[in-house]
Amino acid sequence: MKQPTLSTVLTSRDNQPVKSQRKPAARTYLDNRVTKSQTNHRRTRSQRARERLRTKEHLTRLAVGLGEVELADKLQRCHSRLSVLTCGRHIARIIPNFTCEFRLCPDCGRRRSRRLQNKYLPAMSAFMLHRKVTPVHLVLTQTHRKENRKQSAKRIKDSFTKLQRREFWKQYFKGGTWSLEFTKDKKGLHHTHLHIIGFRRRFFDIELLRGEWLAATGDSHVIYLKKIEDIATGLREVVKYVSKPLDIRRFGAEDLKEFLGLKNMRMFGTFGEFRDFCKDFEPSDNDAAAVGDLESLARDLVEGCACPQCDQPLFDLRMSGKGLPQFYEQVESSPPGKVGTSWN
Ligand SMILES: [Zn+2]
Ligand SMILES: [Zn+2]
């Protein structure tokens, strides 16, 4: 059976009529069952790599069908040849021959979300320290309407702007980041959610925020709010919608066509005081080290360097992108130092 995700639960709740007379049942916003099932549902790296390949094949087929030859070609070339720096048991760095930078490409999406994490995590840590705020993960939803993706995104962003102008928001929040998530229900209706990392000044009752969101949207009361215990995990959770903005499995030719029309739509941004803070923030080397910026550490690694995880020398393995899942599989199950070198 398919595991319910936070999105599917929120989407099904979007469909419920607003009962403004009756107070919603206490704590319905904090569905521990859902968040737990999400964390239990971790897949291995090889499974995820295989899924990325399938997604890309699916997208390429759709692009060919639409006559988008250039896009199809780019998707096919992206990450098709890899240089993998490995000790045999760990992968220190993967350098692709080519990156397509297409927004729905799962490989490029991963790189993009890693870039965002490396960029914002030091700023977030510093902001929390200086401003004495608590990070929360807030999901805002809206009722469904017959509209296209663009209209749906504009509606929720406009409502969020209204929310930020309200006294309540100014009193309790000091800015944060937002990202858009698109889903579609079985009837083909768009559901757009805003995932927000909000920096909370002090505690408030969730029902107050629910009322404020209802006032900003006119008809939506479904929100989700959870305190973020670890900011690195919280940020990773939110930027994953930048790498995976929608459910590609249900993605058809029409969806791709519509998505291509969204070219310049922003999917991630900062707001409020945190936005201003980021403008002036220059991370020092200490900040990067403090948050474990593996990306910048890995950038300097070359063949012959010691593996950061086990100190064994690294060697450069050339393979096709299609060979990566199998390589992960072997790395995941191999004893020290035993790994083949033919991965084509
Ligand atoms: Zn790509
Ligand atoms: Zn190693």
Side-chain angles (χ1 to χ4, degrees), residues 44-46 48-64 66 68-117 239-249 251 255-256 259-260 262-265 267-268 292 294-295 297-317 319-325 327-341 343:
T44 60
R45 283 190 299 180
S46 52
R48 289 196 303 256
R50 215 159 256 134
E51 233 164 73
R52 288 198 297 277
L53 278 175
R54 272 201 294 270
T55 301
K56 271 170 112 162
E57 280 162 13
H58 179 60
L59 282 172
T60 308
R61 270 196 303 275
L62 291 178
V64 170
L66 286 177
E68 296 281 346
V69 192
E70 203 184 318
L71 175 62
D73 177 58
K74 273 186 178 176
L75 276 164
Q76 259 173 336
R77 274 194 295 141
C78 175
H79 283 66
S80 59
R81 300 288 315 165
L82 307 170
S83 152
V84 180
L85 217 50
T86 175
C87 65
R89 284 185 73 204
H90 308 109
I91 295 174
R93 195 182 171 195
I94 296 178
I95 307 158
N97 59 330
F98 174 74
T99 55
C100 70
E101 302 301 335
F102 180 51
R103 233 184 230 189
L104 296 178
C105 166
D107 285 319
C108 293
R110 266 175 95 220
R111 293 165 64 87
R112 195 160 42 239
S113 78
R114 235 178 289 140
R115 279 201 296 269
L116 285 175
Q117 289 174 58
V239 296
K240 97 177 169 216
Y241 300 105
V242 179
S243 63
K244 231 193 260 177
L246 34 83
D247 189 355
I248 308 268
R249 284 166 305 175
F251 211 61
D255 295 297
L256 179 59
F259 201 84
L260 289 171
L262 293 181
K263 244 172 206 157
N264 299 317
M265 185 188 279
M267 311 286 268
F268 179 92
L294 290 172
E295 180 104 338
L297 295 173
R299 248 193 313 258
D300 302 327
L301 292 175
V302 290
E303 200 165 18
C305 283
C307 166
Q309 279 162 282
C310 70
D311 266 353
Q312 292 294 307
L314 294 170
F315 55 94
D316 185 4
L317 213 53
M319 67 177 80
S320 77
K322 289 196 170 102
L324 187 64
F327 180 68
Y328 271 135
E329 233 162 50
Q330 175 143 354
V331 166
E332 278 156 12
S333 61
S334 77
K338 291 268 194 313
V339 120
T341 45
W343 295 97

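Just so it is clear, the model here is predicted, and its values are computed rather than measured. Note that these values count all heavy atoms, side chains included, but never hydrogens, waters or copies made by symmetry. Indexing begins at 1, ligand by ligand and atom by atom, following the structure's order. Start at 1 with the first residue, then count along the sequence.
- Without hydrogens or angle criteria, Q117 side chain to V239 main chain gives no donor-acceptor distance under 3.5 Å.
- Taking the ring axis of F98 as reference, the NZ or CZ atom of R77 stays within 45° of it and closer than 6.0 Å to the ring centre.
- Annotation: side chain to side chain contact (heavy atoms under 4.5 Å, CB included) contacts of L53 (sequence neighbours excluded): K322, P325.
- The nearest pair of heavy atoms linking L314 to E303 is O-CG, 3.6 Å.
- The main-chain N or O of H90 is never found under 3.5 Å from a side-chain atom of Q309 such that the two would form a donor-acceptor pair.
- Within the protein, the number of N, O or S atoms lying under 2.8 Å from the Zn ion (ligand 2) is 4.
- The closest side-chain heavy-atom distance from F268 to R112 is not below 4.5 Å.
- Residues passing the side chain to side chain contact (heavy atoms under 4.5 Å, CB included) test with Q76, sequence neighbours excluded: T60.
- For the Zn ion (ligand 1), protein N/O/S neighbours under 2.8 Å (waters excluded) are C78 SG, C100 SG, C105 SG, C108 SG.
- Using a 4.5 Å heavy-atom threshold, the side chains of R89 and C307 count as separate.
- A donor-acceptor pair is defined here as one N or O able to donate and one able to accept, closer than 3.5 Å; no such pair exists between the side chain of K56 and the backbone of D107.
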